[in-house]
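Only one structure is covered here, and it is reproduced in the block below.
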Amino acid sequence: MKIGYPCINRTLPCRGNKTFRLASYSKDRFIDTVSNNLDCLQQILSFNLDHNILFFRISSDIIPFASHPVLSIDWNLLFNDRLQETGRFIKENNMRISMHPDQFIVLNSKRKEVVQRSIQELMYHASFLDSLGLDYSSKIQLHVGGVYGEKEKSMNRFVNNFDLLPRSVKKRLVIENDDRSYTAYDCLKISKQLHIPVLFDVLHHQINKLDESIETIFRLVAETWKNRDGIPMVDYSSQEQNEKTGKHATHINPNDFTNFLRSLNSIDMDIMLEIKDKEKSALEAVSLAKNDSRFIHIS
DNA sequence: TCACGTCAAGCAGAT
DNA sequence: ATCTGCTTGACGTGA
């Protein structure tokens with residue numbers, strides 16, 4: 001069990017997800033920005049290591065406009081040394097990495113252009129993880145996409161379009177239940193056909209589910225992760241009190257989190273905390289998980 | 001230095 | 001029709 005948080009560390013002064021407007025694109029601007037982002041990524045990972053946070057989601061903005069036609073620079077080549085170095089750091093310290101392409105990536109879209117762009121963007125994510133030299137346990141998590149009023153057909157379109165992806169993406173792609181369209185069961189159905197893992201999102205599941213105990217779901221989901229995929233990843237968040245359903249808590253709720261750990265029973269998972277205050281909650285989660293025999297930490 | 005309109009991209013659901 | 005939320009507000013112009 002490792003604990004992590006996504007994209008941003010608010011304690012550190014740097015940001016690893018800086019970008020710029022398309023209109024301000026220039027080679028220099030791009031190089032400066034990527035340079036900043038990679039520096040910051042290294043700082044964040046060092047911070048995380050110091051605090052026993054061994055799981056981290058890298059922002060899709062780490063390489064801005066990576067899949068956009070405007071880009072004429074081979075970032076992979078240009079930053080090869082630093083990418084290798086950061087990758088070594090991750091591997092040497094037994095860290096886990098994920099990425100989460102944003103809402104514009106819709107592999108099952110009815111529009112060809114959208115599917116094409118989505119494939120390009122997924123290829124970028126895979127090639128970034130490749131450039132770090134990470135194995136296939138580093139995952140790219142994606143929602144199934146749109147429903148378009150006909151769920152079965154739309155799920156089939158996802159399955160068919162999956163075939164269009166290059167091998168490097170297929171090996172890293174995992175599907176995540178969302179809060180209104182596709183439940184964990186829908187994801188499990190797709191997983192059966194494609195043999196890709198299901199990443200379970202706890203809060204989305206509370207909002208969008210069929211009746212079934214959480215323990216059953218954990219078991220079914222965990223079975224979709226094979227050895228080469230690493231241990232299952234899970235997105236954890238709790239509902240912000242007195243706020244709209246689905247709103248992520250600003251800070252971790254210790255009781256809720258402890259109950260969650262208990263509900264996993266003997267199953268081991270890497271836990272991504274989707275909580276507003278990021279590393280602050282992660283630090284608290286680490287201290288709550290410390291006595292758990294599954295928890296991995298640096299002495 | 002600060003306010004605030006806008007930003008590559010999709011979709012669903014609320015208003 | 002338009003707005004909001006999504007994993008994360010941040011960029012950048014104009015005053």
Side-chain angles (χ1 to χ4, degrees), chain A residues 4-26 29-30 32-33 36-37 40-41 44 55-71 97-125 139-151 154 157-158 161 174 176-183 186 199 201-204 207-208 233-240 243-250 271-282:
Chain A
Y5 61 94
C7 306
I8 297 172
N9 179 308
R10 296 187 189 282
T11 304
L12 294 170
C14 73
R15 291 293 172 262
N17 61 340
K18 282 212 162 299
T19 182
F20 47 83
R21 296 281 172 263
L22 181 56
S24 358
Y25 173 83
S26 71
R29 183 69 189 266
F30 174 80
D32 286 351
T33 307
N36 166 84
N37 289 350
C40 188
L41 175 61
I44 292 173
F55 188 19
F56 186 65
R57 182 187 298 162
I58 297 177
S59 167
S60 299
D61 278 337
I62 187 101
I63 312 287
F65 298 101
S67 71
H68 193 282
V70 76
L71 194 66
I97 296 294
S98 65
M99 295 184 88
H100 192 342
D102 66 25
Q103 60 268 33
F104 309 107
I105 288 49
V106 185
L107 188 59
N108 77 342
S109 177
K110 296 177 94 158
R111 295 166 50 200
K112 257 204 181 101
E113 328 79 83
V114 176
V115 175
Q116 271 316 310
R117 275 201 299 272
S118 298
I119 292 173
Q120 291 302 312
E121 183 73 358
L122 289 169
M123 286 168 67
Y124 145 61
H125 282 79
K139 294 302 186 188
I140 302 168
Q141 61 188 93
L142 189 68
H143 296 296
V144 177
V147 176
Y148 311 94
E150 35 187 21
K151 202 176 205 178
S154 298
R157 212 165 35 246
F158 185 94
N161 289 349
V174 302
E176 177 189 355
N177 55 310
D178 64 79
D179 56 359
R180 57 174 172 237
S181 302
Y182 292 97
T183 65
D186 297 328
L199 192 155
D201 185 305
V202 177
L203 185 60
H204 290 165
I207 298 163
N208 181 19
M233 294 176 173
V234 60
D235 280 0
Y236 169 84
S237 174
S238 47
Q239 169 71 37
E240 177 79 332
E243 279 282 356
K244 234 185 270 183
T245 306
K247 173 116 176 154
H248 289 180
T250 44
I271 304 169
M272 177 60 60
L273 301 176
E274 294 192 330
I275 299 182
K276 292 269 182 226
D277 66 357
K278 309 276 179 192
E279 78 285 353
K280 288 203 175 65
S281 284

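Protein chains get the first letters and strands the later ones, always in sequence-line order, with residue 1 at the start of each. For the numbers below, each heavy atom of this structure counts, side chains included, while hydrogens, waters and symmetry mates do not.
The pair A:E176-A:K139 does not meet the salt-bridge criterion, since no charged nitrogen lies less than 4.0 angstrom from a carboxylate oxygen.
Going from atom CG of A:L142 over to atom C1' of B:dG10 covers 12 Å, rounded to whole Å. Here B:dA8 presents its P atom at 19 Å from CD of A:Q120, a figure rounded to the nearest Å. To the nearest angstrom, P of B:dC11 lies 8 Å from CG of A:N108. Rounded to whole Å, the distance from CD1 on A:I207 to P on C:dG5 is 14 Å. Between A:Q116 atom CD and B:dA8 atom C1' there is a gap of 16 Å when expressed in whole angstrom units.
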Audit row: A:E121, A:H68, side-chain contact (heavy atoms from CB on, under 4.5 Å) steps and yes/no: CA-CA 8 Å; A:E121 183 73 358; A:H68 193 282; over 6 Å; no
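Note: A:N36 CG to A:D32 CG = 9.0 Å, rounded to the nearest 0.5 Å.
Looking at residues two or more places apart in sequence or on another chain, you find no side chain to side chain donor-acceptor pair (under 3.5 Å) involving A:N177.
At the phosphate of B:dG10, neither OP1 nor OP2 sits under 4.0 Å from any side-chain N or O atom of A:S118.
In this structure, A:F104 forms an aromatic stack with the base of B:dA9, since both conditions hold: centre separation below 5.5 Å and plane angle below 30°.
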Secondary-structure string, 5' to 3', Watson-Crick or G-U under 3.5 Å, | for another-strand partners, for DNA chain B: |||||||..||||||
Summary of protein contacts for nucleotides 7-15 of chain C, nucleotide by nucleotide, where a base hit scores B, a sugar-phosphate-only hit scores S (4.0 Å, heavy atoms): BBSBBS---
